[in-house]
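Each remark here refers to the structure printed beneath this line.
Per chain, numbering begins at 1; letters A, B, ... match sequence-line order.
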Amino acid sequence: MADADAGFRHISVQELAAHEGQEVILKGWLYSKRGSKHLLFLMLRDGTGLVQCVVAADSVDVDTWRIADEATQESALVVTGKVIADERQTGGVELVVSSLKLVGESEGYPITPKEHGVDFLMSHRHLWLRSRLPWAILRIRNRLIVAIHTFFQERGFLQMDAPILTGNAVEGTSSLFELDYFDEKAYLTQSGQLYGEAMAMAFGRIYTFGPTFRAEKSKTRRHLTEFWMIEPEMAFFDLDTTLDLAEDLLVYTIGEVLEHCSEELTMLERDPARLECVRKPFPRISYTQAVALLRSDETADMLAARIQALEEENAALSEELAVNRNRYGQSKKSERRRLDAREIAIHRRTGEIAEALQNLPVWKASARSFEWGSDFGGSDETVLTWHFDRPVMVHRYPAAVKAFYMKRDPDDARLAMALDVLAPEGYGEVIGGGERATDLAFLEEQIAAHQLPKEAFEWYLDLRRFGSVPHAGFGLGLERMLTWIAGIDHVRETIPFPRLMGRIAP
RNA sequence: UCCUCGGUAGCUCAAUGGUAGAGCAUGCGGCUGUUAACCGCAGGGUUGUAGGUUCGAGUCCUACCCGGGGAGCCA
């Protein structure tokens with residue numbers, strides 16, 4: 001590609017270290033600026049990374065100095081300069097600028113390097129994407145997607161695209177987005193699974209990777225109305241081989257993230273040790289065992305200890321706050337700023353603690369009195385995961401809480417051969433699936449029992465009429481998994497433009 | 001749908017029912033190695049909306065609007 005700005009091409013920040021000692025061209029945006037009267041430090045952002053560009057008044061022409069001096073946050077710049085090693089910089093190099101060119105002005109950029117609230121950031125998501133944390137998270141997302149495809153492709157799985165528009169409501173219309181399809185009702189897909197089963201009978205092993213829509217009015221840190229799901233479906237797989245696959249998938253993809261995204265994890269202050277312990281074997285417990293664990297003294301003691309630890313932390317923070325306020329009056333300005341920042345941090349943490357202290361006793365009571373037969377609530381899953389340092393796989397759920405197409409446990413007709421994988425640290429369900437029913441008569445009964453329109457499932461029942469085989473699969477929520485990997489507290493930051501209840505823009 | 005917390009300067013937050021403030025951002029001035037740079041000065045407000053109580057409301061009451069996260073449901 002010809003470059004109008006110079007006789008040689010521009011390179012990316014990522015490539016800088018390989019060009020040490022050379023004159024190069026960078027193109028990007030001004031992330032932040034510091035400096036004094038005759039020396040400016042421009043942090044340049046180009047999408048691949050950040051680098052400090054040093055502009056000295058006595059070694060550049062007047063125009064370049066003026067551009068550097070007047071450049072505002074997010075101005076687009078072409079920077080020419082020499083790459084030099086500087087161990088104080090995060091990338092190990094900085095650029096000594098020889099000339100600057102302004103490509104695009106930027107007046108009054110709303111997102112400052114300081115703190116912002118959630119609502120403000122969400123309303124400016126189109127610009128927020130340029131900031132460091134979204135950068136780190138979405139780069140991990142990309143790595144995770146590549147790793148998932150690689151994992152399945154290397155194991156002989158065929159990627160398939162399930163339809164996004166569907167005609168039949170599988171699991172109740174309340175959670176489906178309805179739309180008009182040439183005067184017929186249609187819905188946005190909730191799952192590609194039934195189509196995946198058809199493809200598995202044609203290709204053996206397949207996986208879908210596509211968007212999924214849920215119209216549930218859920219305003220929590222775990223819910224999006226539009227999210228991406230990976231759904232493998234395998235002919236001749238049973239519950240155990242499917243658990244093996246889920247385990248291998250998580251171990252492989254997290255290994256890839258650890259190998260390729262250490263810089264991103266560091267930016268997110270995510271301790272890699274939390275991910276390094278995701279190794280085989282994952283604990284596998286039955287639903288019945290999980291219920292016993294929830295109701296156990298062990299769980300009650302663990303939760304009591306958590307409550308006590310939070311109360312102690314709360315007391316310590318209150319004390320620190322009082323001490324800081326006493327010191328405030330006699331402090332210098334710089335010290336006051338530090339105290340202000342600390343006070344905000346303490347406020348935030350005490351808010352979190354207050355919320356946890358409100359929730360934990362409720363969760364404790366809920367776990368203690370959990371009745372066999374009901375499905376786990378969000379809090380029950382969270383409590384279960386606190387017992388393990390890696391994902392825990394729960395299998396054989398009461399059939400009543402699972403979908404109609406689940407195979408029954410041959411040893412206990414009350415149970416479905418279902419599986420859930422719960423991520424550690426309270427992140428909860430990232431995978432849900434199981435072995436599918438293979439018997440035509442059983443499925444017909446189930447469809448009737450669930451009061452589903454049989455006509456709509458005739459094509460699905462054909463899969464049992466013509467060479468029905470044992471098969472299984474599961475759904476992996478990409479954003480939930482990424483929330484866990486990144487160690488962040490809300491799923492909305494794991495997708496470029498999150499769709500949430502009450503928020504459809506930008 | 002229910003529960004709960006919140007809405008004060010462009011942003012993040014203070015303010016016993018009694019003169020609406022700070023930091024950042026912005027503008028101006030100072031500073032040749034800064035890492036959220038620092039130092040000084042300045043401008044910036046219909047306290048979400050509509051009522052009510054009161055000598056007096058950001059603060060108390062009622063309704064509504066908007067947002068946070070929790071329940072239900074789920075990945």
Side-chain angles (χ1 to χ4, degrees), chain A residues 31-43 50 52 54-59 72-73 86 88-90 94 96 107-124 132 171-172 174-175 190-191 212-231 325 328 332-334 336-341 343-345 347-348 351-352 354-356 358-359 362-363 366 375-379 381-382 401 403 420-423 427-433 474-484 489-492 494 500-503:
Chain A
Y31 193 73
S32 64
K33 185 167 83 172
R34 299 178 286 275
S36 53
K37 191 174 184 181
H38 302 291
L39 187 65
L40 292 169
F41 302 95
L42 311 182
M43 290 302 292
L50 282 171
Q52 173 164 286
V54 186
V55 188
D58 59 8
S59 57
T72 52
Q73 194 185 357
D86 186 322
R88 290 169 293 188
Q89 305 307 319
T90 43
E94 64 178 16
V96 177
E107 284 300 321
Y109 186 71
I111 300 179
T112 65
K114 298 289 175 176
E115 249 178 302
H116 296 288
V118 173
D119 185 38
F120 178 83
L121 288 173
M122 290 301 302
S123 302
H124 294 84
R132 288 160 54 92
E171 296 170 56
S174 66
S175 60
Q190 257 190 331
S191 162
T212 309
F213 307 87
R214 301 278 164 94
E216 281 296 341
K217 295 187 174 175
S218 300
K219 289 174 68 168
T220 82
R221 63 187 74 194
R222 304 186 307 280
H223 288 86
L224 294 168
T225 56
E226 177 183 304
F227 62 96
W228 287 68
M229 192 152 69
I230 297 91
E231 294 179 285
R325 283 190 167 156
Y328 196 84
K332 288 187 164 185
K333 193 166 179 183
S334 58
R336 286 188 179 189
R337 285 191 47 196
R338 203 186 61 77
L339 291 174
D340 282 340
E343 181 159 337
I344 288 172
H347 270 136
R348 172 164 307 152
E352 284 170 9
E355 193 186 310
Q358 202 179 343
N359 287 337
V362 179
W363 293 5
S366 156
D375 205 356
F376 298 130
S379 72
E381 283 182 2
T382 299
V401 302
D420 279 359
V421 180
L422 310 180
Y427 283 101
E429 186 172 353
V430 290
I431 285 177
F474 57 81
L476 165 69
L478 180 70
E479 289 79 11
R480 283 206 180 162
M481 182 170 176
L482 182 51
T483 306
W484 160 43
D489 67 3
H490 203 301
V491 69
R492 69 184 154 218
T494 61
L500 300 149
M501 180 190 162
R503 196 181 285 278

* Asked: Reading RNA chain B 5' to 3', how would its secondary structure be written in dot-bracket notation, given Watson-Crick and G-U pairs with both distances under 3.5 Å, brackets [ ] for crossing pairs and | for partners on other strands?
  -> (((((((..((((....[..)))).(((((.......))))).....(((((..]....))))))))))))....
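Considering only residues two or more places apart in sequence or on other chains, A:E226 meets the side chain to side chain contact (heavy atoms under 4.5 Å, CB included) condition with A:F213, A:R499. The ring pair (Phe, Tyr, Trp, His ring centres under 6.0 Å) check on A:H38 picks up nothing, with sequence neighbours excluded. Residues satisfying the ring pair (Phe, Tyr, Trp, His ring centres under 6.0 Å) criterion with A:F376, sequence neighbours excluded, are A:Y287, A:F370, A:Y397. Residues passing the ring pair (Phe, Tyr, Trp, His ring centres under 6.0 Å) test with A:H223, sequence neighbours excluded: none. Judged as a side-chain hydrogen bond (donor to acceptor under 3.5 Å, both in side chains), and not counting sequence neighbours, the contacts of A:D119 are A:R503.
Regarding contacts with the backbone of B:rU32, every side-chain N or O of A:R34 stays at 4.0 angstrom or more from both OP1 and OP2.
Residue contacts shown for A:R132 are absent, as no nucleic acid heavy atom lies under 4.0 Å away. A:R480 comes within 4.0 angstrom of a base, heavy atoms only. Using a 4.0 Å heavy-atom cutoff across all strands shown, A:L224 reaches at least one base atom of the nucleic acid.
A:Q89 and A:Q52 make their closest contact through NE2-NE2, 3.3 Å (heavy atoms, listed as atom of the first residue, atom of the second, distance).
For A:F41 and B:rG33, the ring-to-base geometry does not satisfy the stacking test (centroid distance below 5.5 Å, interplanar angle below 30°).
For A:H38 and B:rG30, the NE2 to P distance is 9 Å, given to the nearest whole Å.
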